[in-house]
Amino acid sequence: NYYGMLDQLVAYKGRVFFGTWRSTLSGYINRMRGYHITKHKLEGYKEGTMESYYFVPADKRNQMKNYHAVKKPIYMREFPISWRDIDKGIEKLHQ
């Protein structure tokens with residue numbers, strides 16, 4: 001069944017996304033949203049932020065609205081390093 005993959009394709013292009021903390025489905029949607037936002041230079045692409053939220057727990061609701069460097073545990077959240085500067089070579093990053 002391909003419903004999960006189809007849901008991800010539809011959800012990542014939405015203006016706003018509400019997902020579930022610790023969900024790999026929500027995590028991958030946020031990564032795809034990051035790729036999309038960066039490619040099209042949409043609001044938040046420079047900061048690595050996006051209009052994505054988590055329903056619960058309340059203290060995680062705005063995790064994707066603020067930039068966070070990679071930190072443990074890493075399995076339940078995507079980090080901007082996954083999509084920022086992805087199309088630049090090492091030479092361009094170190095200039």
Same apolar cluster (I L V M F W Y, side chains within < 4.5 Å links), Val56/Phe17: no

Evaluation steps, side-chain contact (heavy atoms from CB on, under 4.5 Å), between Trp21 and Gln63: CA-CA 10 Å; Trp21 186 251; Gln63 283 285 309; 3.7 Å; yes

Which atom of Leu25 lies closest to which atom of Gln8, heavy atoms considered: O-NE2, 3.5 Å

Interatomic spacing from CD1 in Ile29 to CE in Met50 - rounded to 0.5 Å: 11.5 Å

Spatial distance of atom OH (Tyr28) from atom CZ (Arg33) [nearest 0.5 Å]: 14.0 Å

Steps toward side chain to side chain donor-acceptor pair (under 3.5 Å) verdict (Tyr54, Asn30): CA-CA 11 Å; Tyr54 293 107; Asn30 279 324; 3.3 Å; yes

Criterion ring-ring contact (aromatic ring centres under 6.0 Å, His included) on His36 and Tyr12, from CA distance to verdict: CA-CA 8 Å; His36 180 73; Tyr12 92 88; 5.7 Å; yes

Residue list, side chain to side chain contact (heavy atoms under 4.5 Å, CB included) with Tyr35, at least two apart or on another chain: Arg31, Trp83, Ile86

Under 3.5 Å: donor-acceptor pair, side chain of Thr20, backbone of Ser23: no

Ile81 atom CD1, over 12 foreign heavy atoms within 6.0 Å: no

Stepwise side-chain contact (heavy atoms from CB on, under 4.5 Å) check, Tyr53 with Lys65: CA-CA 8 Å; Tyr53 305 92; Lys65 290 293 295 171; 3.6 Å; yes

Intermediate values then yes/no, side-chain contact (heavy atoms from CB on, under 4.5 Å), Asn66 and Glu47: CA-CA 8 Å; Asn66 302 305; Glu47 298 83 25; over 6 Å; no

Spatial distance of atom CE (Met64) from atom CD (Glu51) [nearest 0.5 Å]: 11.5 Å

Minimum heavy-atom distance between Thr49 and Ile37, given as atom pair plus value: O-CD1, 4.4 Å

Shortest non-hydrogen contact from Ser26 toward Gly19: OG-CA, 3.4 Å

Short side-chain to backbone donor-acceptor contact, Ser82 and Glu78, under 3.5 Å: no

For Lys71 against Phe79, the heavy-atom pair lying closest together: O-CZ, 3.7 Å

